[in-house]
Amino acid sequence: MCQERGGDHEHASRQRTVINREAAYHEFLNKRYEKSMSRFQKSNVEVANVIGLFPDLLSKKMQDKQQYPPEIVEARNYLTTKDIETGLEALEKYLVAKRFDLNKYEEEVANSKQTKIIIDTTLLKCYLQNKPKMVASLLRLKDNECHTVESERALKRARRMNDIIILYKSKGMHEKALTVLKQYANMQNTQKHELGGPEHTIKYLQDLGPEDIDLIKEYSKWVIEKHPDRCLDIFTDPSTVHSLPKEQVVQHLKSLNVDIALQYLERLIDIWNVSSQEIENSLITLLVEKVSNEWPAYQGMLAAGVVEPCAPGSEPGQLGSLRLRLTHFLERLQNYSPATVIQSLGYEIPLYQELAILYGRQKECDKALMLYCHVLKDRAKAEEFCSKYYEIDKQVYYKLLRMYQCPKSLEALRLDKFKLEEPRPDMGAAIDILVRHYKYIDVKEALRLLPEDTKLQDVEEFMCAILRDRTRDSRRNLLLKSLNLSDNLKVKSQKMFYQKDKLIVTAMDSCAVCNKRVGECAIAFYPDRRIVHYGCMSRDVQPDTTP
């Protein structure tokens with residue numbers, strides 16, 4: 001009808017708006033809400049004016065600004081619960097369509113930001129009444145523009161505390177959300193509440209990033225104190241374990257609970273393969289501190305005769321397991337600083353095995369072997385050490401031999417406090433080392449170490465083993481020499497066979513394929529003595545003429 005009237009485009013647009021608005025009001029009065037919203041969708045009526053047709057959706061201030069025909073005002077006041085429910089379903093579809101159009105043509109719409117706030121806040125209120133399960137989905141939209149105060153008020157009225165947390169999170173109000181979670185988690189009888197227990201705080205903190213590390217530290221405290229068995233989930237979640245500043249996390253956990261700090265470091269290394277010198281130093285230093293704290297109790301038990309001295313790692317109680325973990329990581333990890341660990345270890349408690357491992361890492365093999373041989377008196381460990389470090393120090397077995405034949409003073413170990421017995425030569429152990437590891441020892445240097453009064457029968461087994469090896473090596477070398485000579489003769493014979501056939505080529509000879517002079521090019525010849533260029537050979541397809 002507008003088109004029939006003609007006129008300019010603006011006038012026609014206003015006319016269409018008026019017609020669609022009046023038609024929409026008519027459908028609304030007749031409670032045909034779907035058709036009413038469809039008409040409003042085609043008109044340019046403000047969204048707030050459409051929302052205001054239903055009660056309790058707009059703020060009082062905004063509702064007072066809306067103007068409607070008298071019959072609409074009267075009809076609005078007599079809407080039944082069923083009318084409102086049906087109308088809100090139609091309004092939801094209208095708002096979703098408007099939201100889509102607004103996102104698509106945002107730059108062309110005036111006050112688009114304010115309109116989006118009205119649409120999203122109203123959608124939230126509609127969902128609260130008709131589709132509560134849709135509330136969380138709306139709040140999780142990255143572009144949701146729900147008005148914080150209005151939405152918070154509506155959610156509290158509906159007692160949707162979980163959705164309030166989602167609202168705070170979507171608005172970046174993390175501290176407020178975490179405060180609410182802490183309050184509900186620490187209230188009595190909250191296990192039945194949807195926010196009861198620590199899991200909601202843990203999940204929320206897992207979703208924060210390194211930029212929120214201060215919040216993570218602050219609101220993880222109560223979880224660490226009250227739920228130490230679950231608190232590490234905050235810091236070792238796959239999504240953030242690599243991004244969080246690990247040194248800060250270690251210091252934070254250490255200040256609250258050293259055992260949890262140790263568990264965190266072990267998970268980083270064992271599960272997530274996160275390793276660095278700082279992390280490994282922190283782990284080993286914490287283990288050393290724990291061992292140092294447990295040692296006085298063990299020493300008191302020894303003094304009282306309650307327990308007998310035992311091998312490292314076999315001590316009763318927590319001390320034994322701590323030392324096993326410490327030696328395990330000292331041997332396994334590769335990035336820690338031995339000097340730093342020795343400094344933290346100190347010389348206040350006799351952790352000889354740990355010191356031996358650290359001296360080995362520093363390539364101070366003499367000190368390590370001194371500890372194994374004359375302090376721990378563990379020859380098996382000493383030989384295991386030599387096997388491990390032989391590729392690094394080819395003299396390590398000789399040093400072991402020397403350690404038993406002419407041991408040095410223990411002063412270099414700085415263990416005077418423990419009043420250790422000075423080492424004495426052990427010829428039996430030295431001869432045994434010679435017999436079993438002579439292959440890795442310079443025999444001449446080893447024999448020079450033997451005292452002049454050494455009896456031949458003491459080194460008989462050693463000498464016989466060397467002679468057997470020398471004889472076996474000599475025979476093997478003779479056999480290899482004969483085999484090499486035979487191979488050499490065979491190669492010479494083949495060479496003579498291939499060199500006996502010769503061909504004289506002159507400057508006048510030509511290629512059998514291209515008929516050009518051979519010149520100085522590479523050539524080949526066939527059994528029938530025909531000469532060809534090497535390059536022409538592939539084009540010669542005559543049968544049975546392989547050169």
Side-chain ([X]) to main-chain ([Y]) donor-acceptor, under 3.5 angstrom:
X: Asn130; Y: Cys126; value: no
X: Asn144; Y: Leu141; value: yes
X: Gln63; Y: Gly52; value: yes
X: Gln66; Y: Met62; value: yes
X: Tyr94; Y: Gln41; value: no
X: Arg16; Y: Lys42; value: no
X: Arg160; Y: Pro132; value: yes
X: Asn293; Y: Glu289; value: yes
X: Glu27; Y: Tyr25; value: no

Min side-chain heavy-atom separation [X]-[Y] under 4.5 Å:
X: Tyr352; Y: Phe418; answer: yes
X: Thr201; Y: Trp222; answer: yes
X: Val180; Y: Met161; answer: yes
X: Ile269; Y: Arg332; answer: yes
X: Pro238; Y: Trp272; answer: yes
X: His227; Y: Asp229; answer: yes
X: Pro198; Y: Lys226; answer: no
X: Phe40; Y: Leu53; answer: yes

Nearest-0.5 Å distance, [atom1] of residue [X] to [atom2] of residue [Y]:
X: Thr240; Y: Leu208; atom1: OG1; atom2: CG; answer: 9.0 Å
X: Ser292; Y: Leu287; atom1: OG; atom2: CG; answer: 10.5 Å
X: Ile260; Y: Lys254; atom1: CD1; atom2: NZ; answer: 15.0 Å
X: Ser282; Y: Leu265; atom1: OG; atom2: CG; answer: 6.0 Å
X: Leu376; Y: Met370; atom1: CG; atom2: CE; answer: 13.0 Å
X: Glu89; Y: Leu91; atom1: CD; atom2: CG; answer: 11.0 Å

field: Test log, rule side-chain contact (heavy atoms from CB on, under 4.5 Å), inputs Val223 and Arg230
entry: CA-CA 8 Å; Val223 183; Arg230 302 186 60 182; 5.5 Å; no
Intermediate values then yes/no, side-chain contact (heavy atoms from CB on, under 4.5 Å), Gln183 and Leu195: CA-CA 9 Å; Gln183 289 173 349; Leu195 298 182; over 6 Å; no
message: Check this for me: Lys377, atom NZ, are more than 12 non-hydrogen atoms of other residues, nucleotides or ligands nearer than 6.0 Å?
response: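 Enclosed.
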query: Taking atom CG of Asn30 as the centre, does the number of heavy atoms from other residues, nucleotides or ligands within less than 6.0 Å exceed 12?
result: yes
message: Tell me whether the rings of Tyr372 and Phe385 are parallel (<30°), tilted (30 to 60°) or perpendicular (>60°).
response: tilted
To check you understand the geometry: which heavy-atom pair defines the closest contact between [X] and [Y], and what is its length?
X: Leu371; Y: Leu415; value: CD2-CD1, 3.9 Å
X: Leu139; Y: Cys146; value: CD2-SG, 4.1 Å
X: Ile216; Y: Gly209; value: CD1-O, 3.8 Å
X: Glu145; Y: Asp120; value: N-OD2, 2.7 Å
X: Lys98; Y: Ser43; value: NZ-O, 4.2 Å
X: Leu57; Y: Ile51; value: CB-CG2, 3.6 Å

From Asn103, Asp143, Thr121, residue fulfilling side-chain hydrogen bond (donor to acceptor under 3.5 Å, both in side chains) relative to Lys116: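 Exactly one candidate clears the test, Asn103.
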query: Pick from Thr285, Asn335, Thr340: which one makes a side-chain hydrogen bond (donor to acceptor under 3.5 Å, both in side chains) with Glu280?
result: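 Output: one option passes, namely Asn335.
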Got a sec, which residues hit side chain to side chain contact (heavy atoms under 4.5 Å, CB included) with [X], two or more places apart in sequence or on another chain?
X: Ala339; value: Ser337, Gln362
X: Ala136; value: Arg140, Asp163, Ile166
X: Ile392; value: Lys363, Tyr389
X: Met173; value: Thr148, Tyr168, Lys171, Lys176

query: What residue pairs, at least two apart or across chains, pass salt bridge (Lys or Arg N to Asp or Glu O under 4.0 Å) with a residue in residues 128-137?
result: Glu92-Lys131
Hey, is [X] close enough to [Y] for a salt bridge, meaning N to O under 4.0 Å?
X: Lys93; Y: Glu34; answer: yes
X: Lys394; Y: Glu391; answer: yes
X: Arg39; Y: Glu22; answer: no
X: Glu294; Y: Lys290; answer: no

query: Hey, mind stepping through Tyr359 and Ile342 against side-chain contact (heavy atoms from CB on, under 4.5 Å) and telling me if it holds?
result: CA-CA 9 Å; Tyr359 282 135; Ile342 289 175; 4.1 Å; yes
- prompt: Between Phe28 and Phe54, is the gap from one ring center to the other below 6.0 Å?
  reply: yes
- prompt: Quick one: side-chain hydrogen bond (donor to acceptor under 3.5 Å, both in side chains) pairs with a partner in residues 205-215, sequence neighbours left out?
  reply: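 Every pair satisfying side-chain hydrogen bond (donor to acceptor under 3.5 Å, both in side chains) with a residue in residues 205-215: Lys169-Asp207, Lys203-Asp207.
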- prompt: Does the pair Ser220 and His252 meet the rule for a side chain to side chain donor-acceptor pair (under 3.5 Å), with working shown?
  reply: CA-CA 10 Å; Ser220 65; His252 170 61; 2.9 Å; yes
- prompt: Between Leu253 and Phe235, is a side-chain contact (heavy atoms from CB on, under 4.5 Å) present by the stated rule, with each step listed?
  reply: CA-CA 10 Å; Leu253 295 175; Phe235 306 100; 3.7 Å; yes
task: Give the C-alpha distance, both sets of side-chain angles, the deciding distance and a yes or no for salt bridge (charged side-chain N to carboxylate O under 4.0 Å, His left out) between Lys31 and Asp83.
output: CA-CA 7 Å; Lys31 300 185 179 183; Asp83 293 337; 3.0 Å; yes
